[in-house]
Amino acid sequence: MKIATYNINGINGRLPVLLKWLREAEPDIVCLQELKAPQDKFPEKALRNAGYHAVWHGQKMWNGVAIIAKGLPLEEVRNALPGDDGDLHSRYIEAIVGKMLVCCLYLPNGNPAPGPKFDYKMAWFKRLKKHAKYLLSEEVPVVLAGDYNVIPTEKDVYKPERWMDNALFFPEPRKAYKELVGQGWIDSIRHLYPDETIYTFWDYFRNAYGRNAGLRLDHLLLSPQIAPRLVAAGVDKHVRGWEKSSDHAPAWIELADEGETQS
DNA sequence: ATGTCCGCTCTAAGCGGA
């Protein structure tokens, strides 16, 4: 079972890239962020032709999240992060996929920081932590995946000193991410590769991809009820090099079948 | 500061957002 998260940065503009990657990688479940499409402009038909069912929450111009799945029942649980009915950004969707709960999130960027956008980011993070704690209390298999817009540690950025004044690397969101994971989640990629340099994002500017001047922003967190099934994880970095690609690359995990977990 | 993309808009270049 392969589960991925991919900030697509405009699902219609990048549909050929998405379809090409789906054919190549054959993920079972994908969490998508930054659809940049209203609800009725989601390419449902093209994805169905590729074999994927979808639940999504669009928004005009910005944000937008979706969960797509192949060969698995998919049932939407909620399409907003609890805790603020006045928050109209489409940044969260949650669905039961097969026998697990899949949560797809797009955490606010927060720049420029400090400022109101940074305050919104931290308020959103606080709500996420509260909801994540609730999810853990359910004691079920949960995948909490998405674009967290947080560089967790200095290992996750090519040049930490360049990012000190950026909301992605401010102490507050890094602390919040650490506390979130500390609730009992497993950061899949870091769990399997504690010391490797692994990025999921490369700026469009200054030939960042060519220089491997990247950031690790996209994370797949696992609840204890599913973490023992983790057998592999990675980033499909080459996709970032394709024509008309997103500035993010897909990050993925491979889970063993139920009942085939080691120790 | 710059750089590059997206989708939107009084459908052209200019805007916000990232």
Side-chain angles (χ1 to χ4, degrees), chain A residues 5-21 31-44 46-47 56-66 81 87-92 104-125 128 145-152 156-170 172-174 176-177 199-219 235-251:
Chain A
T5 184
Y6 188 12
N7 179 321
I8 193 67
N9 190 8
I11 192 166
N12 287 307
R14 314 222 184 262
L15 191 57
V17 168
L18 176 61
L19 294 173
K20 181 180 172 186
W21 171 70
C31 295
L32 295 166
Q33 302 86 33
E34 272 205 273
L35 304 178
K36 290 186 173 175
Q39 189 70 5
D40 62 353
K41 290 281 164 50
F42 183 84
E44 185 182 15
L47 287 167
W56 68 96
H57 193 203
Q59 181 183 329
K60 194 177 173 184
M61 281 194 265
W62 298 305
N63 308 315
V65 284
L81 184 65
D87 180 6
L88 299 177
H89 291 199
S90 295
R91 295 182 175 276
Y92 187 87
C104 170
L105 66 97
Y106 176 45
L107 211 131
N109 175 294
N111 280 304
K117 290 187 178 180
F118 186 70
D119 296 341
Y120 173 60
K121 175 178 196 163
M122 294 316 299
W124 209 93
F125 227 136
L128 177 63
D147 177 0
Y148 284 72
N149 266 318
V150 175
I151 303 165
D156 301 307
V157 47
Y158 67 103
K159 220 174 229 192
E161 63 275 19
R162 280 281 173 86
W163 291 82
M164 299 307 280
D165 59 352
N166 192 291
L168 306 186
F169 199 51
F170 259 38
E172 294 94 329
R174 289 172 60 192
Y177 183 77
Y199 302 137
T200 66
F201 167 92
W202 296 261
D203 226 304
Y204 288 122
F205 309 155
R206 299 176 293 261
N207 187 31
Y209 179 67
R211 297 184 294 122
N212 198 26
L215 311 173
R216 192 172 74 97
L217 303 178
D218 303 271
H219 313 304
V235 177
D236 287 341
K237 183 181 172 181
H238 65 285
V239 174
R240 177 62 180 82
W242 289 353
E243 193 82 17
K244 299 263 297 176
S245 83
S246 168
D247 41 6
H248 295 249

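Basis for what follows: all heavy atoms, side chains included, without hydrogens, waters or symmetry-related copies.
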Tyr209(A)/Tyr199(A) under side-chain contact (heavy atoms from CB on, under 4.5 Å): CA gap, chis, key distance, verdict: CA-CA 10 Å; Tyr209(A) 179 67; Tyr199(A) 302 137; over 6 Å; no

Task: Residue pair Asn109(A), Lys121(A): steps toward the side-chain hydrogen bond (donor to acceptor under 3.5 Å, both in side chains) verdict - done: CA-CA 7 Å; Asn109(A) 175 294; Lys121(A) 175 178 196 163; 5.7 Å; no

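If you take atom C1' in dT2(B) and the same atom in dG7(B), they sit 23 Å apart, rounded to whole Å. Atom C1' of dG3(B) sits at a distance of 24 Å from the matching atom of dT9(B), rounded to the whole Å. Spacing between dC10(B) and dC15(B) at atom P, rounded to whole Å, works out to 14 Å. Across the C1' atoms, dC6(B) and dA1(B) are found 22 Å apart, a figure rounded to whole Å. Across dC8(B) and dA13(B), the matching C1' atoms stand 12 Å from one another, rounded to whole Å.
Of the candidates dC6(B), dT2(B), dC8(B), the closest approach to any side-chain atom of Lys60(A) belongs to dC8(B).
Between Ser245(A) and Arg162(A), the one whose closest nucleotide on DNA chain B sits nearer the 5' end is Arg162(A).
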Per-residue pairing states of DNA chain B in dot-bracket (Watson-Crick or G-U under 3.5 Å; . unpaired, | other strand) read ...(((((.....)))))

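Here the C1' atom of nucleotide dC5(B) and the CG atom of Asn207(A) are 15 Å apart, to the nearest Å. Atom NZ of Lys244(A) and atom P of dT4(B) are 15 Å apart (whole Å). A straight line from OH of Tyr209(A) to P of dC5(B) spans 15 Å, rounded to a whole angstrom. Rounded to whole Å, atom P of dT4(B) lies 12 Å from atom CZ of Arg240(A). Between Asp203(A) atom CG and dA1(B) atom C1' the separation is 14 Å, expressed in whole Å. To the nearest angstrom, C1' of dC6(B) lies 15 Å from CG of Leu15(A).
Classified by interplanar angle (parallel below 30°, tilted 30° to 60°, perpendicular above 60°), the ring pair Trp21(A)/Tyr6(A) is perpendicular.
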Contact string for nucleotides 13-18 of chain B, one letter per nucleotide 5' to 3', B = base within protein heavy-atom range under 4.0 Å, S = sugar-phosphate only, - = neither, reads ----BS

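In the displayed structure, Glu161(A) atom CD is contacted under 6.0 Å by more than 12 heavy atoms of other residues, nucleotides or ligands.
With sequence neighbours excluded, the residues forming a salt bridge (charged side-chain N to carboxylate O under 4.0 Å, His left out) with Arg216(A) are Asp156(A), Asp187(A), listed by chain and number.
Taking 4.5 Å as the limit, every side-chain heavy atom of Glu34(A) sits out of range of all side-chain heavy atoms of Ser246(A).
Between Asn9(A) atom CG and Lys244(A) atom NZ the span is 10.5 Å, to the nearest 0.5 Å. Note that OG of Ser245(A) and CH2 of Trp202(A) are 9.5 Å apart. Values are rounded to the nearest 0.5 Å. Here Leu47(A) contributes atom CG and Trp56(A) contributes atom CH2; the two are 9.0 Å apart, rounded to the nearest 0.5 Å.
Within the structure, every side-chain polar atom (N or O) of Lys41(A) is placed at least 4.0 Å from both OP1 and OP2 of dG7(B). For Arg14(A), a side-chain nitrogen or oxygen approaches OP1 or OP2 of dC6(B) to under 4.0 Å.
With Arg206(A) contributing its side chain and Arg211(A) its backbone, the two residues share no donor-acceptor pair below 3.5 Å.
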